[in-house]
Amino acid sequence: GDDTIAKRKLLRAEREVISLWTKRGNQANSEGHLGEAGNWWRKAVELTHPLEKTSGNAWHAIVKNATALEYHGDIAYGEQRYEEAIGTWSAVLLVDPTRGDIVEKNTEAQKMFATELHGLAHSLAKRNLLGAALVTDLRALRYDPMQSEAFSAGSDLRSSPIRFRSRSE
């Protein structure tokens with residue numbers, strides 16, 4: 001009945017999103033934005049049903065561009081664009097998780113990015129932007145859950161009362 005119709009609609013919507021994200025990845029790639037392309041393709045593959053992952057266009061785009069994606073990640077890392085490096089390397093690891101060298105580079109980039117985010121959170125907290133600081137610290141924990149400074153700072157922020165001011169104040 002209605003449940004089956006809803007499931008079919010959801011499946012169709014997911015396939016449309018996967019197709020859209022794959023096209024965005026292809027477009028970004030054709031415009032020379034490989035980091036962005038890798039992120040779109042990765043998101044498309046992650047949304048794809050496990051039984052269909054390896055047959056999808058996004059999967060094939062990552063496989064076809066794996067060497068370029070890895071190189072792009074290396075360049076981005078060298079230029080301290082850690083989030084971009086993580087995105088491109090994560091796409092490669094999605095299609096080939098056995099690449100220990102990329103796992104190591106990606107782990108290091110995640111730690112560096114988490115440290116960068118923690119510094120930003122600290123700066124936001126100093127400016128009394130506690131909500132933004134908390135969100136930034138939580139984001140840092142996503143990349144490096146073992147970063148104790150972010151965890152303790154996040155705990156401090158969560159226990160602080162956040163006062164919202166109206167625009168007229």
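We count residues from 1, following the sequence as given. These numbers were taken from a predicted model, which means no experiment stands behind them.
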Counting only heavy atoms not in [X], do more than 12 fall under 6.0 Å of its [atom1]?
{"X": "K53", "atom1": "NZ", "result": "yes"}
{"X": "H122", "atom1": "NE2", "result": "no"}
{"X": "N26", "atom1": "CG", "result": "yes"}

Nearest heavy-atom pair of [X] and [Y]: which atoms, and what distance?
{"X": "A91", "Y": "G38", "result": "CB-O, 3.6 Å"}
{"X": "A114", "Y": "D144", "result": "CB-CB, 3.4 Å"}
{"X": "A58", "Y": "A44", "result": "CB-CB, 3.6 Å"}
{"X": "A37", "Y": "G25", "result": "CB-O, 3.2 Å"}
{"X": "A85", "Y": "A76", "result": "N-CB, 3.8 Å"}

Non-hydrogen side-chain atoms of [X] and [Y] separated by less than 4.5 Å:
{"X": "E108", "Y": "E104", "value": "no"}
{"X": "N29", "Y": "L34", "value": "yes"}
{"X": "R15", "Y": "E52", "value": "yes"}
{"X": "L20", "Y": "E16", "value": "no"}

**OP:** Taking S123 for its side chain and G119 for its backbone only, find out whether a donor-acceptor pair lies under 3.5 Å.
**Re:**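 Such a contact is absent between S123 side chain and G119 backbone.
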What is the distance from atom [atom1] of [X] to atom [atom2] of [Y], rounded to the nearest 0.5 Å?
{"X": "I86", "Y": "R42", "atom1": "CD1", "atom2": "CZ", "result": "10.0 Å"}
{"X": "N39", "Y": "T88", "atom1": "CG", "atom2": "OG1", "result": "8.0 Å"}
{"X": "T136", "Y": "L120", "atom1": "OG1", "atom2": "CG", "result": "5.0 Å"}
{"X": "S90", "Y": "E83", "atom1": "OG", "atom2": "CD", "result": "10.5 Å"}
{"X": "R81", "Y": "E116", "atom1": "CZ", "atom2": "CD", "result": "12.0 Å"}
{"X": "I18", "Y": "L47", "atom1": "CD1", "atom2": "CG", "result": "4.0 Å"}

Going hydrophobic residue to hydrophobic residue with side-chain gaps under 4.5 angstrom, can you get from [X] over to [Y]?
{"X": "L93", "Y": "V63", "value": "yes"}
{"X": "I102", "Y": "M112", "value": "yes"}
{"X": "V103", "Y": "Y82", "value": "yes"}
{"X": "L69", "Y": "W21", "value": "no"}
{"X": "L117", "Y": "L141", "value": "no"}

Original post:
Can E84 and H72 be said to form a side-chain hydrogen bond (donor to acceptor under 3.5 Å, both in side chains), step by step?
Top reply: CA-CA 9 Å; E84 193 170 334; H72 184 87; 2.5 Å; yes
**OP:** If the plane angle is over 60° it's perpendicular, under 30° parallel, otherwise tilted; pick one for W89 and Y77.
**Re:**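 Taking Y77 first and then W89, their aromatic rings sit tilted (interplane angle of 30° to 60°).
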Original post:
How far apart are the C-alpha atoms of L130 and L134, what are their side-chain angles, what is the distance that settles it, and do they pass the side chain to side chain contact (heavy atoms under 4.5 Å, CB included) test?
Top reply: CA-CA 6 Å; L130 300 181; L134 176 60; over 6 Å; no
Subject >> salt bridge (charged side-chain N to carboxylate O under 4.0 Å, His left out) partners of K105, counting only residues at least two apart >> reply: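 Partners of K105 by the salt bridge (charged side-chain N to carboxylate O under 4.0 Å, His left out) criterion, ordered by chain and then number, come out as E70, D74.
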Original post:
Of the options T54, L94, V95, which is the one that meets V45 in a side chain to side chain contact (heavy atoms under 4.5 Å, CB included)?
Top reply: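 So, applying the side chain to side chain contact (heavy atoms under 4.5 Å, CB included) to V45 and each of T54, L94, V95, only L94 qualifies.
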